[in-house]
Amino acid sequence: MTRFTLRAAGLALALSAVASVTQAHNAWLLPSTTVLSKADTVSVDAAVSNDLFVANHAPLRLDGLQITAPDGSTVKPESEAKLKLRNVFDVNVAQPGTYRIAVVNNGAFAAWKDKATGQNKRARGTAETIGKEIPADAQDVTITQSAGRIETFVTVGKPSALKPIGQGLELIAAGSPTDLAKGEKATFTLHLDGKPAKDLEVTVTAGNTQYRDKLDELKLKTDDKGQFSVTWPAAGMYWLDASTKDSKTTVPQAKERRLSYAATLEVMP
């Protein structure tokens, strides 16, 4: 084998490794704690990373940040800091009950071929702006709608019920999403636009993946009622995610809607 062939093979292997890492990116919110006995402040990291809960790739954009107090009111984040690899903010959790901290993204992606050059072009925007990104003479235009929710939960004192959102993919806990313990079984329901999401694959992954040879993911599937159960193998922070797609679009010209959901849950010893 020539030196050129060896170098080419090495480059191909390197590119393959980069592609694998790129596909492994996870978006998450990581609270400093999820259970408090009294009013306090919780710090939250927001990032997109190669390893779960280790900020080593890029910060998670907070344009769609929504913090909901137990009484349904909106809470503004405090002490926001935009860093190179993560964003950070504080939440003043003053009310007793369960808070929902979420980043909600609703947008659209467009792909087309430039008429003059024949090159493939892409653009990202909202339902209102995506049309303006596409030239009038664009060819082979494809528009895809996206709806994503990334969230975590914090409880002060006694947990309170979370009001269902009724849009996109969302997690409904049989008990409280902050009352989880090692060795105990927790039952959840996934909803899609307010209805049970049937036969949907759910992945549950423990943090500290950088210290494991294997991810050791738990692969689960929702039943006819959208329900699934998890028996927690160990204490720690976990990342739960699910995704699906359908044709129920609200963006003009979009033929497909891609939906995703991710939550950070803390399991106690």
Side-chain angles (χ1 to χ4, degrees), residues 8 10-29 45-52 54-66 80 82-87 102-151 165 167-170 192-193 197 200-203 205 209 215 239-264:
L11 177 59
L13 182 61
L15 290 175
S16 175
V18 170
S20 298
V21 170
T22 301
Q23 293 172 356
H25 290 160
N26 302 316
W28 43 264
L29 294 171
D45 287 352
V48 179
S49 69
N50 302 316
D51 300 301
L52 267 181
V54 179
N56 57 12
H57 179 64
L60 175 66
R61 294 181 60 178
L62 299 178
D63 304 51
L65 179 61
Q66 299 176 3
E80 290 184 75
K82 296 182 179 181
L83 308 180
K84 186 175 182 179
L85 296 177
R86 62 190 168 107
N87 285 325
V103 172
V104 181
N105 296 304
N106 293 303
F109 302 89
W112 69 92
K113 182 178 291 185
D114 185 79
K115 183 178 180 180
T117 65
Q119 293 182 341
N120 294 323
K121 300 287 185 179
R122 296 177 181 272
R124 177 182 298 182
T126 65
E128 295 75 24
T129 65
I130 194 65
K132 300 175 183 177
E133 303 289 337
I134 306 170
D137 59 353
Q139 299 176 335
D140 302 330
V141 178
T142 301
I143 298 178
T144 303
Q145 184 176 354
S146 64
R149 172 176 287 273
I150 303 165
E151 63 185 5
I165 305 299
Q167 295 180 343
L169 276 177
E170 64 174 315
L192 176 57
D193 294 336
L200 198 63
E201 186 176 278
V202 181
T203 302
T205 310
T209 55
L215 288 179
W239 190 71
L240 182 153
D241 77 298
S243 62
T244 188
K245 58 184 179 181
D246 59 27
S247 58
K248 298 178 181 179
T249 63
T250 57
V251 177
Q253 299 182 359
K255 296 181 179 180
E256 183 179 78
R257 181 177 65 154
R258 298 180 183 178
L259 305 108
S260 62
Y261 177 85
T264 299

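Just so it is clear, the model here is predicted, and its values are computed rather than measured.
Although no hydrogens or angles enter the test, the distance criterion places no donor-acceptor pair under 3.5 Å between the side chain of Asp51 and the main chain of Asn56.
For Trp239, there are no ring pair (Phe, Tyr, Trp, His ring centres under 6.0 Å) partners, not counting sequence neighbours. With sequence neighbours excluded, no residue forms a salt bridge (charged side-chain N to carboxylate O under 4.0 Å, His left out) with Arg124. The salt bridge (charged side-chain N to carboxylate O under 4.0 Å, His left out) check on Asp241 picks up nothing, with sequence neighbours excluded. With sequence neighbours excluded, the residues forming a side-chain contact (heavy atoms from CB on, under 4.5 Å) with Ala47 are Trp28, Ala55, Arg86, listed by chain and number. Applying the salt bridge (charged side-chain N to carboxylate O under 4.0 Å, His left out) criterion to Asp137, with sequence neighbours excluded, gives no partner residue.
Other residues, nucleotides and ligands contribute at most 12 non-hydrogen atoms within 6.0 Å of the CD atom of Gln167. For Gln253, the CD atom is loosely surrounded, since the number of other residues' heavy atoms within 6.0 Å does not exceed 12.
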Exercise. Would Val202 and Leu240 satisfy side-chain contact (heavy atoms from CB on, under 4.5 Å), going step by step from the backbone distance to the final call?
Worked result: CA-CA 7 Å; Val202 181; Leu240 182 153; 3.9 Å; yes
Exercise. When you look at Leu215 and Thr203, which way does the side-chain contact (heavy atoms from CB on, under 4.5 Å) test go after all the steps?
Worked result: CA-CA 11 Å; Leu215 288 179; Thr203 302; over 6 Å; no
For this session: Show the numbers, then the answer: is there a side-chain contact (heavy atoms from CB on, under 4.5 Å) between Asn26 and Thr209?
Result: CA-CA 12 Å; Asn26 302 316; Thr209 55; over 6 Å; no
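The side chain to side chain donor-acceptor pair (under 3.5 Å) pairs that include a residue from residues 255-264 are Glu151-Tyr261, Asp193-Arg257, Asp246-Arg257, Glu256-Arg258, where partners are two or more places apart or lie in different chains.
Side-chain atoms of Lys245 and Thr144, non-hydrogen and from C-beta on, never get closer than 4.5 Å to each other.
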